[in-house]
Amino acid sequence: MIDVFVPVYNEKDNIIPLLDELNEKVSSDFRVLVVYDMDEDNTLPVLRSVMDKYSYSIVLQKNTYGRGAINAFRTAIQAAQGEYLVYAMADLADDLTTIDLMKGKLDAGSDVVVGSRYMEGGQRNSKGDLKAFLSRLSGVGMKGLTGIPTHDISNAYRMYRTEILRKIPITTDGHGGTIEILQKIYLAGYAITEVPDVWNDRVAGESQFKMGKWMSTCIYWCLYTIVHKWFLGQGKPRKKAIKREDSRV
Ligand SMILES: Nc1nc2c(ncn2[C@@H]2O[C@H](COP(=O)(O)OP(=O)(O)OP(=O)(O)O)[C@@H](O)[C@H]2O)c(=O)[nH]1
Ligand SMILES: [Mg+2]
């Protein structure tokens, strides 16, 4: 089973279209884990009025680590019940048809699958602003500099093995925490792969993204990975695949 984790901050106009999209586009077994910060969040009354109508289960969970999307992620990691967890945005930015593809990759042995806007077949449909430029630069740059097997380190839309998330603590506050976790997973030698994601800017609601904070965190974790990869020799693939072959003999 997949936990579809959705952090929400005043997403009243997006939550029903998101649930409808999940219904239409995902055929794997999943439940939705919505994590909110405050009782007055405008997503909640809308969600409560429809949540019994879907064929899959929807769990509403208050953030137990304090406010913010990364604390919502920490809460979801603790509350998850599935073997896999996908971090999905409520703002309808990502292509949810890839959830089934991500699951297929994890079933085949990957540990994390990144929704990738910058690989062949992926797309980022947004205005050509500084954020778009830096996001692409960090993705392509880190692939070239460290060999991390994804073109898109800055997309939070990813599916993980839940057990791995429980082993690696996130120390960063803010959206950059999702960069930290991917870099640490890479340095620990887990298998990362990617699938193309067609990404669109949000139409309804307001972005909570904080450029300055994100940029400093991104630079920090990119440098951290470069140093740990090239000077401390981390990031070597685990022997998992070889062990599996051995056990079949
Ligand atoms: N619980 C919780 N969720 C949040 C918070 N901030 C953002 N989110 C949710 O996290 C997801 C992504 O947030 P966005 O504000 O779209 O940020 P982003 O996708 O990184 O940035 P954009 O590219 O501007 O869309 C959405 O589902 C938000 O509702 C927060 O403080 N608490
Ligand atoms: Mg967004």
Side-chain angles (χ1 to χ4, degrees), residues 3-22 32-48 58-80 85-96 98-99 114-118 122-139 152-159 170 172-182 197-218 221:
D3 283 289
V4 178
F5 155 58
V6 185
V8 294
Y9 189 90
N10 290 335
E11 298 284 8
K12 71 176 170 55
D13 296 323
N14 290 319
I15 194 71
I16 294 179
L18 176 82
L19 297 175
D20 289 344
E21 263 198 46
L22 286 166
V32 178
L33 183 54
V34 174
V35 184
Y36 65 99
D37 293 358
M38 45 186 188
D39 295 330
E40 58 276 24
D41 190 295
N42 69 23
T43 322
L44 302 184
V46 180
L47 180 59
R48 286 196 179 110
I58 301 172
V59 177
L60 200 44
Q61 168 76 50
K62 191 164 183 179
N63 197 337
T64 50
Y65 285 85
R67 292 187 177 204
I70 206 68
N71 285 327
F73 190 26
R74 290 185 177 109
T75 303
I77 292 168
Q78 208 171 45
L85 183 151
V86 61
Y87 190 137
M89 269 35 76
D91 59 1
L92 306 169
D94 297 289
D95 174 8
L96 300 175
T98 56
I99 288 183
V114 179
S116 179
R117 298 161 290 185
Y118 311 129
Q123 231 172 291
R124 180 184 175 116
N125 298 318
S126 64
K127 39 189 182 331
D129 56 11
L130 181 65
K131 180 179 164 199
F133 170 74
L134 291 173
S135 168
R136 187 178 291 269
L137 181 72
S138 66
D152 196 349
I153 60 160
S154 63
N155 198 357
Y157 178 50
R158 303 174 195 139
M159 191 181 290
I170 301 170
T172 306
D173 279 332
H175 283 71
T178 60
I179 296 195
E180 173 189 354
I181 191 87
L182 190 69
D197 177 30
V198 176
W199 187 96
N200 295 294
D201 253 340
R202 70 160 65 232
V203 176
E206 269 179 42
S207 170
Q208 303 302 314
F209 184 83
K210 309 276 182 301
M211 182 66 176
K213 200 168 176 185
W214 175 83
M215 205 160 69
S216 54
T217 312
C218 182
W221 286 107

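Start at 1 and go down the list; that is how both ligands and their atoms are numbered. Since the structure is predicted, the reported quantities are computational estimates derived from the model, not experimental observations.
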Next on the checklist: Within the structure provided, determine whether Asn14 and Arg202 are in side-chain contact (heavy-atom separation under 4.5 Å).
Outcome noted: yes
Checklist outcome for this item: Exactly one of Asp201, Asp152, Asp95, Asp197 clears salt bridge (Lys or Arg N to Asp or Glu O under 4.0 Å) with Arg117, and that residue is Asp152
Checklist entry - Measuring from Asp173:CG to Ile170:CD1, what's the distance to the nearest 0.5 Å? => result 10.5 Å
Checklist outcome for this item: If you scan protein heavy atoms around atom 2 (C) of ligand 1, the nearest is Val8 O, 3.3 Å
Checklist entry - So, do Leu60 and Tyr36 sit near enough that their side-chain heavy atoms are less than 4.5 Å apart? => result yes
Checklist entry - Looking at atom 5 (C) of ligand 1, what's its closest protein heavy atom, distance included? => result Tyr9 CB, 3.6 Å
Checklist entry - Can you tell me if Asp91 has a non-hydrogen atom under 4.0 Å from ligand 1? => result yes
Checklist entry - At their closest point, which heavy atom of Asn71 faces which heavy atom of Gly66, and how far apart are they? => result CB-O, 3.1 Å
Item to check | Distance flag, aromatic centroids of Phe73 and Phe5, threshold under 6.0 Å | outcome: yes
Item to check | From Glu206, Lys131, Glu11 - option closest to atom 23 (O) of ligand 1 by heavy atom | outcome: Lys131
Next on the checklist: I'd like to know if the side chain of Tyr157 pairs up with that of Thr98 as donor and acceptor (distance under 3.5 Å, no hydrogens or angles considered).
Outcome noted: yes
Checklist entry - Has Asp91 got an N/O/S atom less than 2.8 Å from the Mg ion (ligand 2)? => result yes
Item to check | Which of the ligand 1 atoms, numbered from 1, are nearer than 4.0 Å to a heavy atom of Ala72 | outcome: 1 (N)
Checklist entry - Below 4.0 Å from any atom of ligand 1, is there a heavy atom belonging to Gly68? => result yes
Checklist entry - Do Thr217 and Glu180 come within less than 4.5 Å of each other through their side chains, counting heavy atoms only? => result no
Item to check | Contact atoms of ligand 1, heavy-atom distance to Val35 under 4.0 Å | outcome: 1 (N)
Checklist entry - Relative to the heavy atoms of Phe209, which atoms of ligand 1 are at a distance of less than 4.0 Å? => result 15 (O), 20 (O), 21 (O), 24 (O)
Item to check | Contact check, Trp199 vs ligand 1, heavy-atom distance below 4.0 Å | outcome: yes
Checklist outcome for this item: Rounding to 0.5 Å, atoms CG (Asp94) and CG (Asn155) come to a distance of 5.0 Å
Checklist entry - Considering only heavy atoms, which of Arg202, Met211, Met89 lies nearest to atom 16 (O) of ligand 1? => result Arg202
Checklist outcome for this item: Here the atoms of ligand 1 under 4.0 Å from any heavy atom belonging to Ala90 are 26 (C), 27 (O)
Checklist entry - Is Pro7 close to ligand 1, meaning an N/O of one under 3.5 Å from an N/O of the other? => result yes
Checklist entry - If you count the atoms of ligand 1 from 1 in the order shown, which ones are under 4.0 Å from a heavy atom of Asp37? => result 1 (N), 2 (C), 30 (C), 31 (O), 32 (N)
Checklist entry - So Phe209 and Trp214, would you call those rings parallel, tilted or perpendicular, with 30° and 60° as cut-offs? => result tilted
Item to check | Selection from His175, Gln208, Lys62, Lys210 by shortest heavy-atom distance to atom 18 (P) of ligand 1 | outcome: His175
Checklist outcome for this item: Within 4.0 Å of some non-hydrogen atom of Ser207, the atoms of ligand 1 are 15 (O), 21 (O), 22 (P), 24 (O)
